[in-house]
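For reference, the structure discussed in these notes is given below.
Residue numbers begin at 1 in each chain, while the letters A, B, ... track the order of the sequences.
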2 protein chains.
Amino acid sequence: METNGKILVVDDEADILEFVSYNLKKEGYEVWTAMNGQEALPLAKKIKPDLILLDVMMPVMDGLETCKRIKADSDFAKTYVVFLTARAEEYSEIEGFNSGADDYIAKPIKPKLLISRLNAILRRKTKEIVSPSIKVKDLFIDRETFMIHRGEQKIQLARKEFELLFLLASKPGKVFTRDYILEKVWGEEVLVVDRTIDVHIRKIREKLGDEYIGTVKGVGYKFEV
Amino acid sequence: METNGKILVVDDEADILEFVSYNLKKEGYEVWTAMNGQEALPLAKKIKPDLILLDVMMPVMDGLETCKRIKADSDFAKTYVVFLTARAEEYSEIEGFNSGADDYIAKPIKPKLLISRLNAILRRKTKEIVSPSIKVKDLFIDRETFMIHRGEQKIQLARKEFELLFLLASKPGKVFTRDYILEKVWGEEVLVVDRTIDVHIRKIREKLGDEYIGTVKGVGYKFEV
DNA sequence: GCGAAGGTTAATAAAAAGTTAAATGCCTTA
DNA sequence: TAAGGCATTTAACTTTTTATTAACCTTCGC
C-alpha cells in the first residue's frame with residue numbers, strides 16, 4: 001500500500017508521541033518519532049519526511065532552534081514544519097513563523113483536528129509541486145533539470161531533442177504525425193524541411209539507444225511501450 | 001507602494017469586518033469586504049484576491065457553500081481560502097477542509113496571530129520558502145552577511161552575484177530560465193541585456209570555481225548537484 | 001526491382017553563451 | 001566636492017553548441 005506521506009513527530013513527552021503516532025498511523029501515514037531536536041535532525045536526514053511535527057518546548061534542542069536548522073538545509077527544502085504548542089505560548093507561535101515554520105497546532109491535541117490540518121497542509125504541498133516530468137520504461141524525463149535519467153546514468157539532450165522526446169513520451173504508444181510534431185515542437189509558423197525531424201530523432205536514438213522511438217512508416221513516430 | 005497582497009474578507013458582522021480590515025490594512029494588504037457569499041463571489045471574480053477570509057456562519061450563502069463554489073472555479077486555482085470560525089464550531093472546521101479550505105482561524109480573532117498566520121500562508125504562496133541561508137554541497141550561503149563559506153574559506157560576493165547564486169542554489173538542479181532570473185533578481189520592470197546575466201555568472205564562477213553553476217543551452221542556468 | 005518513406009552523414013547556418021574591456025553610475029573618503 | 005574604488009551594465013567580439021539543409025543511402029511493401 002502506498003502511504004499518504006512520511007511524518008516525523010518530535011516531542012519530549014512519551015505520552016504525546018504515542019497518542020499522535022497512533023492517530024497518524026490510523027490515517028495511513030508512516031510515522032517516526034524523536035524525543036528532541038538533536039535526535040530528530042539526523043533521523044530526518046535519513047528518512048526525509050514530508051512533514052515534521054515539532055514541539056516548541058523541549059530539552060536539549062528546542063523546537064525553534066531545530067526548525068531554523070531544518071529550514072537552512074537544502075535537503076529539507078520540500079519539508080513542511082508544523083509546531084505543536086501549548087495555548088499559553090501564543091507569543092512563541094509568532095516567533096515560530098519567524099523561524100520559518102509553515103503552520104502550528106495548539107495543544108491539547110484533538111485527533112480529528114490534527115488529521116484535517118495535516119491533510120490540508122500535505123494536499124497544499126502536492127498541489128504546489130507540479131511534476132514537470134515523465135517516467136516511462138526505465139527513463140525519467142525531468143523538465144526541471146532538462147535531463148534524462150536512466151538508473152544512475154544521466155543524459156543531457158539539446159533543447160529540440162528534449163522537447164521532441166518529451167512530446168512522444170507524454171503519450172507512450174501513440175503515433176504522432178510529422179505535422180503534429182512540427183506544430184508542437186517547432187511552432188505553427190515555422191517552415192522546416194521534413195528531414196529535420198528525422199535528424200533530431202536520430203540524435204535522440206544516438207544518445208538513448210534505438211529501443212525508445214519507433215517509426216510508423218507513412219504515419220509518424222511514437223514512443224515504444 | 002507595492003502591497004503585500006489582496007485579501008477579501010467575508011463576514012456578516014460589520015464589527016468584525018472593520019476590525020479585521022483595519023488590522024490587515026495596517027500590515028500593508030489591500031482589503032475588500034463582503035457581507036455574505038452571494039455578495040462575495042462576483043466581487044472575488046473582479047478583484048482576484050490572493051486570499052479570501054471567510055466566516056463559516058453567514059446568512060444568504062454560508063462559508064462552506066461559498067468555499068465549495070470558489071474551489072470549483074478554475075479562476076481561483078491559486079486563491080487561498082481561510083475560514084473564520086467560532087471555537088464551538090469545531091466540527092465545522094473539519095467540514096471546512098472537506099470543502100477545500102486551506103486553513104482556518106478561530107474566533108475570537110487575535111490580531112498578531114491573524115497576521116502571522118496570513119503572512120505564513122501568503123509567504124508560502126509568493127516566495128515559496130524564504131530561508132535566510134542555504135547549505136548546498138560544500139557551500140554555506142549566508143544571507144545575513146552576503147558571504148559564501150566553504151570550509152574555513154570565506155568568499156565575498158557582490159549583491160547581484162549573491163542574489164543570482166542564492167536563487168539558483170534555492171533549488172539545486174532546477175534549471176532557471178533567463179526570463180525567470182531577470183524577474184526574480186532584477187525585478188519585472190528592469191530592462192537589461194541578456195549578456196548581463198552571463199557576465200554575473202562569469203563573476204561567480206571566477207570566485208567560486210566552475211563546478212557550481214551549469215549551463216543548459218537554450219534553457220538557462222542551474223546549480224549543479 | 002521499383003518507388004516512396006525514412007535513415008544517415010557531413011557541411012553550413014544560426015543561435016546561444018563566453019569573454020573581455022570599457023563605460024557608467026554610485027558611494028565613500030580625503 | 002573631487003578622486004578613487006567598486007558594482008553593474010553594455011558593447012563588440014569569439015567560441016561553442018545546436019539546428020537545418022542537401023545529398024546520398026537504405027529499407028520495405030507491392
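Ion pairing of B:Glu161 with B:Lys207 is present here, as a side-chain N (NZ or NE/NH1/NH2) and a carboxylate O approach within less than 4.0 Å. Using a cutoff of 4.0 Å between basic side-chain nitrogens and carboxylate oxygens, A:Arg205 and A:Asp198 are not scored as salt-bridged. We find that A:Glu163 and A:Arg159 are not joined by a salt bridge, their nearest charged nitrogen and carboxylate oxygen being 4.0 Å or further apart.
Rounding to whole angstrom units, CZ of residue A:Arg205 and C1' of C:dG7 are separated by 8 Å. Summarising the geometry, the separation between CG on A:Asp210 and P on C:dT8 is reported as 7 Å, rounded to the nearest angstrom. In this structure, B:Arg159 atom CZ and C:dG25 atom P are separated by 18 Å, rounded to whole Å. Distance CG (A:Asp194) to P (C:dA5): 10 Å, rounded to an integer number of Å. To the nearest angstrom, P of C:dA16 lies 12 Å from CG of B:Asp179. Atoms CZ (B:Arg195) and C1' (C:dG18) sit 8 Å apart, rounded to a whole Å. Separating the NZ atom of A:Lys217 from the C1' atom of C:dA5 is a distance of 4 Å, rounded to the nearest angstrom. For A:His200 and C:dA15, the NE2 to C1' distance is 12 Å, given to the nearest whole Å.
At least one side-chain nitrogen or oxygen of B:Tyr221 sits closer than 4.0 Å to the OP1 or OP2 atom of C:dG18. Taking only side-chain nitrogens and oxygens, A:Thr196 comes nearer than 4.0 Å to OP1 or OP2 of D:dT21. For the OP1/OP2 pair of D:dT9 and a distance below 4.0 Å, the side-chain nitrogens and oxygens of B:Lys160 include at least one atom meeting the criterion. For the pair B:Trp186 and D:dT9, the criterion of a side-chain N or O lying under 4.0 Å from OP1 or OP2 is met.
The B:Asp198 side chain lies nearest to C:dA17 when the options are C:dA17, D:dT9, C:dG6. With D:dT10, C:dA17, C:dT19 as the candidates, the nucleotide lying closest to the side chain of B:Arg202 is C:dT19. Here D:dA19 is the nucleotide among D:dT20, D:dA19, D:dT8 with the atom lying nearest to any side-chain atom of A:Ala158.
In this structure, a donor-acceptor pair under 3.5 Å is absent between the side chains of B:Asn23 and B:Tyr29.
Counting any heavy atom pair closer than 4.0 Å across all strands shown, B:Thr215 reaches sugar-phosphate atoms only and no base atom.
Atoms NZ and OH, on B:Lys174 and B:Tyr180 in that order, are 6.0 Å from each other to the nearest 0.5 Å.
Mapping A:Glu161 and B:Val193 onto DNA chain D by nearest heavy atom places B:Val193 closer to the 5' end of the strand. Residue A:Val219 is the one, among A:Val199 and A:Val219, whose nearest nucleotide of DNA chain C lies closer to the 5' end (criterion: closest heavy atom).
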